[in-house]
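The figures that follow rest on heavy atoms only: side chains count, while hydrogens, waters and symmetry mates do not. In what follows, residues are counted from 1 in the order of the sequence shown.
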Amino acid sequence: DTCHSLHAKDCSGESCQELGPLWAPAWPTAGLMFLAAPLRAVLKSAAQAAALVERGGASPQGHGWAWVGVGGRPRIMVALVIATLATIGSGATALAEFSAAGMHYATRCPLERASSRCGAEICPSPVCRRETEFSPCVCGRLHEEEMARALFLNHFPACQPYEWYSWQMQKLEELVLRYENFACVVGPLICATAAVGGALLLVQLACCPMLLLGRLGVRQAVFVLLATEDELDVALLFEPGGAVAQSQAGDTAGGEP
């Protein structure tokens with residue numbers, strides 16, 4: 001009943017800034033499934049390979065770099081890469097929306113007040129209007145609820161229309177304070193959420209290359225990154241074509257009849 005001068009979307013709330021996407025909680029869960037769990041498996045495999053090399057033992061899968069090799073499941077790896085890229089993309093989208101919402105509400109805490117009446121310099125539209133360039137700012141029979149919502153949505157300074165009485169301005173101040181308190185509570189929370197989301201996205205971006213290189217030997221890369229010089233020397237000795245591998249091949253050939 002009090003919505004006569006606002007746009008239909010402003011009146012129904014459709015134009016209000018969303019706090020964030022509804023699917024945002026699924027992003028960290030997808031990160032655990034498609035980034036954290038596979039990366040943990042890769043690191044665990046590399047650590048086991050380093051331990052075997054340090055003990056000088058052998059793995060049932062073979063010797064040398066085969067200890068830290070990649071399994072022959074290209075379809076699973078392709079699906080994992082696609083899911084990883086989708087997770088990173090959804091995280092970037094959620095972070096952009098959280099950042100926009102945080103800035104939207106942070107700039108409205110507090111709402112600006114004008115020290116003068118509504119006029120040519122400050123005329124909050126669409127609830128108030130100027131017929132021509134030389135006309136005054138006319139608000140007409142405007143309800144306080146419409147004025148408060150227009151000030152919040154369009155980020156206009158709160159001014160007093162010429163047609164209003166002091167009791168109307170007092171009611172407007174109460175409504176503006178409610179909008180302001182909401183913005184001052186939600187704005188910092190969303191900004192903190194965006195900061196945590198940004199840190200999470202950076203971690204995911206740092207982990208993503210190790211998984212994307214899975215088909216090209218990410219376990220070998222992790223092993224080279226984590227292993228000591230002695231462990232690398234032992235791994236090279238067991239490499240096919242290395243000294244130990246050639247010696248074992250010679251012993252096998254010498255034992256044949």
Side-chain angles (χ1 to χ4, degrees), residues 1-28 90-201:
D1 297 336
T2 60
C3 194
H4 304 289
S5 302
L6 287 172
H7 293 303
K9 291 185 177 180
D10 293 342
C11 186
S12 62
E14 296 181 17
S15 61
C16 294
Q17 176 68 44
E18 296 289 343
L19 300 181
L22 296 178
W23 48 265
W27 168 41
S90 62
T93 302
L95 181 60
E97 295 194 23
F98 279 128
S99 300
M103 291 298 298
H104 175 83
Y105 290 105
T107 55
R108 286 159 174 77
C109 177
L111 287 170
E112 186 178 354
R113 271 82 164 170
S115 58
S116 60
R117 292 179 178 268
C118 301
E121 297 180 355
I122 303 175
C123 189
S125 61
V127 292
C128 300
R129 66 188 185 278
R130 297 178 62 200
E131 297 296 340
T132 65
E133 184 179 355
F134 303 100
S135 300
C137 182
V138 179
C139 299
R141 299 181 60 183
L142 178 65
H143 293 277
E144 296 82 3
E145 293 81 2
E146 289 182 281
M147 185 65 160
R149 176 165 291 196
L151 295 176
F152 182 79
L153 292 179
N154 300 302
H155 203 198
F156 283 114
C159 59
Q160 180 178 354
Y162 282 97
E163 303 92 338
W164 279 24
Y165 298 100
S166 58
W167 64 267
Q168 290 178 291
M169 286 302 300
Q170 184 177 358
K171 185 177 181 180
L172 176 64
E173 178 66 22
E174 295 176 357
L175 294 172
V176 168
L177 282 176
R178 292 175 58 184
Y179 280 104
E180 188 176 81
N181 292 334
F182 174 78
C184 291
V185 171
V186 173
L189 290 177
I190 298 180
C191 290
T193 303
V196 174
L200 177 59
L201 183 62

Smallest separation among heavy atoms of [X] and [Y], with atom names:
X	Y	answer
Leu22	Pro25	O-CD, 3.4 Å
Phe98	Gly20	CE2-CA, 3.8 Å
Leu142	Gln168	O-NE2, 4.5 Å
Ile190	Gly102	CG2-N, 3.5 Å
Leu151	Pro157	CD2-O, 3.5 Å

Once side-chain hydrogen bond (donor to acceptor under 3.5 Å, both in side chains) is applied, what residue pairs with a partner in [range] remain, sequence neighbours excluded?
range	result
residues 116-130	Arg129-Glu131
residues 98-111	His104-Arg108
residues 150-160	none

### Query
Listed by chain and number, what are the side chain to side chain donor-acceptor pair (under 3.5 Å) partners of Ser166, not counting sequence neighbours?
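Per chain and number, Ser166 pairs via side chain to side chain donor-acceptor pair (under 3.5 Å) with no residue.
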
### Message
Applying side chain to side chain donor-acceptor pair (under 3.5 Å), can you list everything that pairs with Trp164, at least two apart in sequence or on another chain?
### Response
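Checked Trp164 against side chain to side chain donor-acceptor pair (under 3.5 Å); zero matches.
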
### Message
Testing Cys128, Ser135, Pro136 one by one against Cys123 for a side-chain contact (heavy atoms from CB on, under 4.5 Å), which residue passes?
### Response
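That would be Cys128.
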
All side chain to side chain contact (heavy atoms under 4.5 Å, CB included) counterparts of [X], not counting sequence neighbours:
X	answer
Pro188	none
Phe134	Thr132
Glu163	Val138, Cys139, Pro161

### Query
Quick one: CD on Glu144 to CH2 on Trp167, what's the gap to the nearest 0.5 Å?
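If we round to the nearest 0.5 Å, Glu144:CD and Trp167:CH2 are 5.5 Å apart.
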
### Query
What pairs with Cys16 under disulfide (SG to SG under 2.5 Å), at least two apart in sequence or on another chain?
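Disulfide (SG to SG under 2.5 Å) list for Cys16, sorted by chain: empty.
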
### Task
Evaluate whether atom CE of Met103 has more than 12 neighbouring non-hydrogen atoms of other residues, nucleotides or ligands under 6.0 angstrom away.
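Open.
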
### Side chains of Phe152 and Leu175 in contact at under 4.5 Å (non-hydrogen atoms)
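No, every pair of side-chain atoms sits at 4.5 Å or beyond.
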
### Query
Any side-chain heavy atom of Glu145 within less than 4.5 Å of one from Lys171?
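Yes, side chains in contact.
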
### Query
Any salt bridge (Lys or Arg N to Asp or Glu O under 4.0 Å) pairs touching residues 91-101, not counting sequence neighbours?
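For residues 91-101, and leaving out neighbouring residues, there are no salt bridge (Lys or Arg N to Asp or Glu O under 4.0 Å) pairs at all.
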
#### Entry: salt bridge (Lys or Arg N to Asp or Glu O under 4.0 Å): pairs with one or both residues in residues 175-195, sequence neighbours excluded
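For residues 175-195: Arg113-Glu180.
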
What pairs of donor and acceptor atoms, side-chain ones from residues 191-201 against any protein atom, are under 3.5 angstrom apart with sequence neighbours left out?
residue: Thr193; atom: OG1; partner: Leu189; partner atom: O; Å: 2.8

### Cysteine SG atoms at Cys159 and Cys118 closer than 2.5 Å
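Between Cys118 and Cys159 there is a disulfide, given that their SG atoms are under 2.5 Å apart.
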
### Query
If you measure from the SG of Cys109 to the SG of Cys184, is it under 2.5 Å?
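With an SG-SG separation under 2.5 Å, Cys109 and Cys184 do form a disulfide.
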
